[in-house]
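A short worksheet on the structure shown next.
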Amino acid sequence: MKQLIDISKELFESKKVGYIIGYAEDKFKRVKPFVAHSSSDAERFVFSNYSVNNLAVYLTRLLKPKESKIGIVAKGCDIKSIIALIQENQIKREDVIIIGVNCNGVVNQIDEQFSKENTAIKCKYCQVRTPAHYDYLVGEIKDVDLPEDKNFAIMQKLESMNAEERWNFWEAEFEKCVKCYACRQVCPLCYCEQCIVDKSMPRWIDSSATVKGNFAWNMIRAFHLSGRCIGCNECERACPADIPLSLLNRKMGMVAMNEFNYRHGTDINQPTLIGNYNVNDKEDFIM
Amino acid sequence: MNTYVLSKDHLNKLAQELLTSGYKVISPSKDGRRFVSISSIDDLVISPNLKPSAVSMKEFFFPKTETLFYYKRSKDEYDLIDAAEENHPQIIFGAKPCDASAIPIVSKVFNWDYKDEFFNKKVENTIIVGLACKFADENCFCTSVGLSPISEKGSDLFMIPLSDNNFACKVITEKGEEFVSNHSSIFTETIDEKSINTNDIKIPEKRFDSKEVKAWLDKNFNHHLWDELGENCLGCAQCAFACPTCHCFDIVDEECNHTCGRRAKNWDACQFEIFTKHASGHNPRNEQDKRYRQRISHKFKYYTDKFDEILCTGCGRCTRGCPVLTDIGIILEDINQLAKESISNN
């Protein structure tokens, strides 16, 4: 922690940053996002297995300081969304200072003790426990017990279903949706100035939480994130209705990988999948 | 009014009787996420130890989407068709005091200058069986908003556990009394109310003084606290939609095709940017700090000014579900601290 605080203080003292987005503890010692505006604020910074939030979401939500940069504390997975935002021209590389953190996995349930069973499934396949891209690197890698991938069996089951069975599965899941849009608000890549669901002239998709409206919302969001989602799973974590949104995003990511050999958020200079046309792109899987 | 003794077997028998006679029987869901209408008594969950469901039971009075009327368009005119009234009698089991008390609180706004028949009919058709609460975590603060784990407010019948398998069931309202007399084969054994021991129900300590909080809110429309809160909040509506007392709604017209459609009342929330956006494009709450201030002020100041009620039951759902862990209990403690400091400074 000392390393993280020292670097942050140095960034403030040298006036390189206007603020740093990081994690701090509240009075019940729970870890939550915290924006430090001074080196004394930075003393509150922590990083642990409970640092679940993907703080990259704040990069497009907060105003950029006028004459300095934004500092951000980020795990390897979160850095993928920072790179994605740069690839999508939403932020400039030179506007952010990334304090990368070696990560030993984060909890699945924040109100329960960190353990093998209570580790986020995304951590199982993580290839960036030591971030691939950063300005500073802090923390140490330890051996960790990886969790079981409970979703894999569900995905296989979904793939073996026919269209009607799959429809029924998702209908039952989406029925629970209350349209609170927590999935959208926590998503670093949901940065549209006006979300399609908020457009009312004309209205493209029903805002009501009916079967039709819920299908429209969740499918549109999945499509908008296909080939873009980096798999931080914040949407699924934030969902009060417990809808397994990661299944959709993961499937779309697998399609992008299998059909186009593309993974978003890995290379700052790589054109985006949707934003780039290649004559060699496969078409045979399109109906 | 009498207090009866009910065993779990009695409750199962009662629920079965109600299901058979066409009641909608509502219980906390097995996964603890919400309240659901059950079709089998195997799904009835009655336990005082449960954590409050992630989403409250308000959807049974104020659905997330509700049709006000349908319309049909013929050549030159519109026909309005009443939404088919769902006049199902319903019963809610396992409502905690922080769930049940929300109904009379919210009733005040739904019966203020306009009487909302949709809400009122559902309340009239519902029997709420409250249940004393033995759960308390750091997010709970019912005792700071004038309630407690044994508050009967909002319940028609109120149950207090006597042992693992037995409950004392107090009749609270006349509606409850009528219900009991209609199911007299279940409600047979009475117990002296005074003999009920509630000592094993821990009453959480009061965390803040709501009057002092309100006095501070009266004077601090502009304060740096709001900036700090606005900076963290991501502006979703998890807090409002999980909340038992948040009641804002939007009205939309939705077409089924070019000749028909419906007008619907949908949940809405003050944390959304477009909530206060005017047709002109002007937005009086254009930043998250203003929107967060609205959330706190509506609950602890405006509603109290207007209806002499706090628009919060201290259930802690908003905090437990908040993706960035904004803790309303801590905020109110902080405001109380600021209030104390400003009193001592004067």
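Computed from heavy atoms alone, side chains included, the values below leave out hydrogens, waters and symmetry copies. Each chain gets a letter, A, B and so on, in the order its sequence line appears, and its residues count up from 1.
Between A:Ala241 and B:Arg33, the closest heavy-atom pair is N-NH2, 4.2 Å. In terms of heavy atoms, A:Asn53 sits closest to B:Pro323 at ND2-O, 2.8 Å.
For A:Phe34, the part lying under 4.5 angstrom from a heavy atom of chain B is the backbone only. Within the 4.5 angstrom heavy-atom criterion, no atom of A:Val52 approaches chain B. Contact annotation for B:Asp334: only side-chain heavy atoms (C-beta onward) come within less than 4.5 Å of a heavy atom of chain A. For A:Asp26, the part sitting under 4.5 Å from any heavy atom of chain B is the side chain, from C-beta outward, and nothing else. Contact annotation for B:Ala269: neither backbone nor side-chain heavy atoms come within less than 4.5 Å of a heavy atom of chain A. Within the 4.5 angstrom heavy-atom criterion, atoms from both the backbone and the side chain of A:Asp242 approach chain B. Looking at A:Lys176, the atoms closer than 4.5 Å to chain B (heavy atoms on both sides) sit in the backbone and in the side chain alike. At a 4.5 Å heavy-atom cutoff, the contact between B:Val252 and chain A is made by side-chain atoms alone. For B:Glu287, no part sits under 4.5 Å from any heavy atom of chain A, backbone or side chain.
Distance alone, capped at 3.5 Å, places no donor-acceptor pair between the B:Glu138 side chain and the A:Phe28 backbone. No donor-acceptor distance shorter than 3.5 angstrom exists from the side chain of A:Lys179 to the backbone of B:Ala237, with no hydrogens or angles considered. In this structure, A:Tyr58 contributes its side chain and B:Leu234 its backbone to no donor-acceptor pair below 3.5 Å. A distance-only check finds no donor-acceptor pair linking the side chain of B:Asn266 to the backbone of A:Ala209 [under 3.5 Å].
Contact count against chain A (heavy-atom pairs under 4.5 Å) is highest for B:Gly235 among B:Ala264, B:Ala54, B:Gly235, B:Ala242.
Taking 4.0 Å as the cut-off between side-chain N and carboxylate O, B:Arg34 and A:Glu175 count as a salt-bridged pair. Using a 4.0 Å cut-off between charged nitrogen and carboxylate oxygen, B:Asp327 and A:Lys32 do not count as a salt-bridge pair.
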